[in-house]
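Chain identifiers are assigned alphabetically (A, B, ...) following the order of the sequence lines, protein sequences preceding nucleic acid strands; residue numbering begins at 1 within each chain.
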Number of protein chains: 2
Amino acid sequence: MTNTTDDSDLVLLLRRHRVQVTAQRLAIMRAVSSRPHATADELADDVRAVIGSISRQAVYDTLGLLVDKHLVRRIQPPGSAARFEDRVDDNHHHLICRTCGSTVDIDCAVGAVPCLTAHDDHGFEIDEAEVVYWGRCPACRAATPEPASQRPASERPASERHMSERLAHAKEQQ
Amino acid sequence: MTNTTDDSDLVLLLRRHRVQVTAQRLAIMRAVSSRPHATADELADDVRAVIGSISRQAVYDTLGLLVDKHLVRRIQPPGSAARFEDRVDDNHHHLICRTCGSTVDIDCAVGAVPCLTAHDDHGFEIDEAEVVYWGRCPACRAATPEPASQRPASERPASERHMSERLAHAKEQQ
DNA sequence: CCCGTAATCTGGACATTGTCCAGTATTGGA
DNA sequence: TCCAATACTGGACAATGTCCAGATTACGGG
Ligand SMILES: [Mn+2]
Ligand SMILES: [Mn+2]
Ligand SMILES: [Zn+2]
Ligand SMILES: [Zn+2]
């Protein structure tokens, strides 16, 4: 997608944001664009394949800078290192396969700024809602038809939600 | 809350789930109940204050086991170590202060099984939606009235979402 | 075009959060 | 009470970041 992007375009973009232009930064931007949802480590590898070498710190510094400038979005899926992507400011979410870890973009079910209206905001000033959908991708579903499914995800009476309440219940039944 | 719970109740609960009863497990269950959203490390400290000592491995093993048994829920807030809580199977979400990290429970804006219906499921079999709301808690808001707010969170034309597209735009304007 | 300074990059040490493993201790049933 | 399965311990190791001091590079001004 950005494979066809000229370096001069990236230079322009950086200058517009008052960011010094370096070979490392250009390479990292290209890497982020060409491999969405990659980790810092993966991006470092990609960059090394192009410009020979880069320090770990330069990778982290640059990604952090680009995130600050809203040129890159950092997502931190539970149980994984941070991942980075090109697609910013559109509030999209992510769908991750429990089995193989593959990650795809997903638009929000609710609207442009999804879920930003929580029932009770507890006095917080909410500015972002991050949503991660968990499931099994088509490939993994095909591989194992029915994984002896746990996780009924069904509701339980509110009175049994906490450990303490559930054990009281257990005692009665005993 | 569970401070008043008798050990024998916890024993009962574990037995019902075919889990061996040990002093470490009981202490960890108590710790999780009494300090919601604590990290493994914090729980280990709490447990040590009660039973003297426990290995890090026992803490992780037990928490993992309790999570498997649906007696404890593990949440992994972006940028933080995993946290654990008592309140399971009710699909509630979390609201985290960007400034001080305080975490509160929040019920879903949408319904009992929130957001589980994504626009396009990409063929995935979705079983859970995890939502993290980000913001500033009342205390932090009071401390700093307006933090030179960035993050407009406003929509941008779809044509400007990706780096590549935005730089093209930049070029025109040049 | 050259210079000086600020910004950036480098490489190595260090921190945090977890997992692996082999040996020892405890649990719970026979 | 005894045994086998299970759990716990302590130390090594791994992954993901951050800190820091010194070397290098970028870029605006002369
Ligand atoms: Mn994405
Ligand atoms: Mn909670
Ligand atoms: Zn998969
Ligand atoms: Zn706060």
Side-chain angles (χ1 to χ4, degrees), chain A residues 7-8 10-29 31 37-48 50-69 71-72 74-84 101, chain B residues 7-8 10-29 31-32 37-48 50-69 71-72 74-84 101 103:
Chain A
D7 253 12
S8 65
L10 292 174
V11 170
L12 221 56
L13 184 60
L14 289 179
R15 289 215 200 289
R16 270 181 91 206
H17 287 269
R18 255 136 286 211
V19 171
Q20 280 200 13
V21 177
T22 70
Q24 290 87 346
R25 286 175 180 172
L26 293 176
I28 288 172
M29 291 172 83
H37 310 135
T39 63
D41 209 49
E42 291 164 343
L43 292 170
D45 286 344
D46 290 357
V47 167
R48 287 190 189 105
V50 175
I51 65 169
S53 78
I54 191 172
S55 70
R56 191 161 38 142
Q57 199 53 46
V59 174
Y60 280 105
D61 283 353
T62 298
L63 289 172
L65 177 68
L66 295 176
V67 167
D68 285 348
K69 296 293 181 183
L71 294 175
V72 163
R74 170 193 284 121
I75 59 178
Q76 286 159 302
S80 145
R83 293 170 180 275
F84 300 86
Chain B
D7 254 11
S8 65
L10 292 175
V11 170
L12 222 54
L13 184 60
L14 289 178
R15 288 215 200 288
R16 270 181 89 205
H17 287 268
R18 255 136 287 211
V19 172
Q20 280 199 11
V21 177
T22 70
Q24 290 87 347
R25 285 174 180 173
L26 294 175
I28 288 172
M29 291 172 83
V32 171
H37 310 134
T39 63
D41 208 51
E42 291 165 343
L43 293 171
D45 286 344
D46 289 358
V47 166
R48 287 191 188 105
V50 174
I51 64 170
S53 77
I54 191 172
S55 70
R56 191 162 37 143
Q57 199 52 46
V59 174
Y60 280 105
D61 283 352
T62 298
L63 289 172
L65 178 67
L66 295 175
V67 167
D68 285 348
K69 297 292 181 183
L71 294 174
V72 163
R74 172 192 285 122
I75 59 178
Q76 285 159 301
S80 146
R83 292 170 180 276
F84 299 87
T103 302

(request) Mind checking side chain to side chain donor-acceptor pair (under 3.5 Å) for A:Arg83 and listing every partner two or more places apart, or none if nothing turns up? (result)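 Counting only residues at least two positions away or on another chain, A:Arg83 forms a side chain to side chain donor-acceptor pair (under 3.5 Å) with A:Ser80.
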(request) Only counting residues at least two apart or in another chain, list the ones meeting side chain to side chain donor-acceptor pair (under 3.5 Å) with A:Gln20. (result) none
(message) Can you work out whether B:Tyr60 or B:Ala23 has the more 5'-proximal nearest nucleotide on DNA chain C?
(response) B:Tyr60
(request) Nearest-nucleotide wise, let me know which of B:Ala82 and B:Thr22 is further upstream toward the 5' end of DNA chain C. (result)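 That would be B:Ala82.
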[Y] side chain reached by [X] side chain, heavy atoms, under 4.5 Å:
| X | Y | result |
| --- | --- | --- |
| A:Thr22 | A:Leu14 | no |
| B:Thr62 | B:Leu66 | yes |
| B:Ile54 | B:Ile28 | yes |
| A:Gln24 | A:Val47 | no |

(request) Could you pull out all residues at least two apart from A:Asp45 that satisfy salt bridge (Lys or Arg N to Asp or Glu O under 4.0 Å)? (result)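 Scan of A:Asp45 (salt bridge (Lys or Arg N to Asp or Glu O under 4.0 Å), adjacent residues dropped) gives A:Arg48.
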[X] to [Y] - nearest heavy-atom pair and separation:
| X | Y | result |
| --- | --- | --- |
| B:Ala40 | B:Phe84 | N-CE1, 4.0 Å |
| A:Ile51 | A:Ala23 | CD1-O, 4.4 Å |
| A:Gly64 | A:Arg74 | CA-NH2, 3.9 Å |
| A:Ala81 | A:Thr39 | CB-CG2, 4.2 Å |

(request) Five pairs at each end of the helix from C:dC1-D:dG30 to C:dA30-D:dT1: take the axis at both ends and give me the angle between them to 10°. (result)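 Comparing the axis at each end, I get an angle of 30°.
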(request) With DNA chain D as reference, determine whether B:Ala58 or B:Gln20 sits nearer its 5' end, using the nearest nucleotide of each. (result) B:Gln20
(request) Could you tell me the separation between the CG atom of B:Leu71 and the NE2 atom of B:His17, rounded to the nearest 0.5 Å? (result) 4.5 Å
(request) Could you tell me whether B:Arg15 contacts a base, only the sugar-phosphate backbone, or nothing, with contacts defined as non-hydrogen atoms closer than 4.0 Å? (result)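 B:Arg15: backbone/sugar contact only, no base atoms under 4.0 Å.
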(request) Scan A:Gln24 against the nucleic acid and name what it touches under 4.0 Å (heavy atoms): base, sugar-phosphate only, or nothing. (result) sugar-phosphate
Interatomic distance, [X] [atom1] vs [N] [atom2] [rounded to whole Å]:
| X | N | atom1 | atom2 | result |
| --- | --- | --- | --- | --- |
| A:Arg83 | D:dT16 | CZ | P | 9 Å |
| B:Leu14 | D:dT6 | CG | P | 16 Å |
| B:Ile51 | D:dT9 | CD1 | P | 7 Å |
| A:Ile75 | D:dT16 | CD1 | P | 15 Å |
| A:Arg18 | D:dC27 | CZ | P | 14 Å |
| A:Arg56 | D:dA15 | CZ | P | 11 Å |
| A:Arg25 | D:dT25 | CZ | P | 15 Å |
| B:Leu65 | D:dA7 | CG | P | 7 Å |

(message) Below 4.0 angstrom, which residues in residues 40-48 of chain B have at least one non-hydrogen atom near DNA chain D?
(response) none
(request) Go through DNA chain C in 5' to 3' direction and return only the first and the last nucleotide with some atom under 4.0 Å of chain A's heavy atoms. (result) C:dA7 to C:dA13
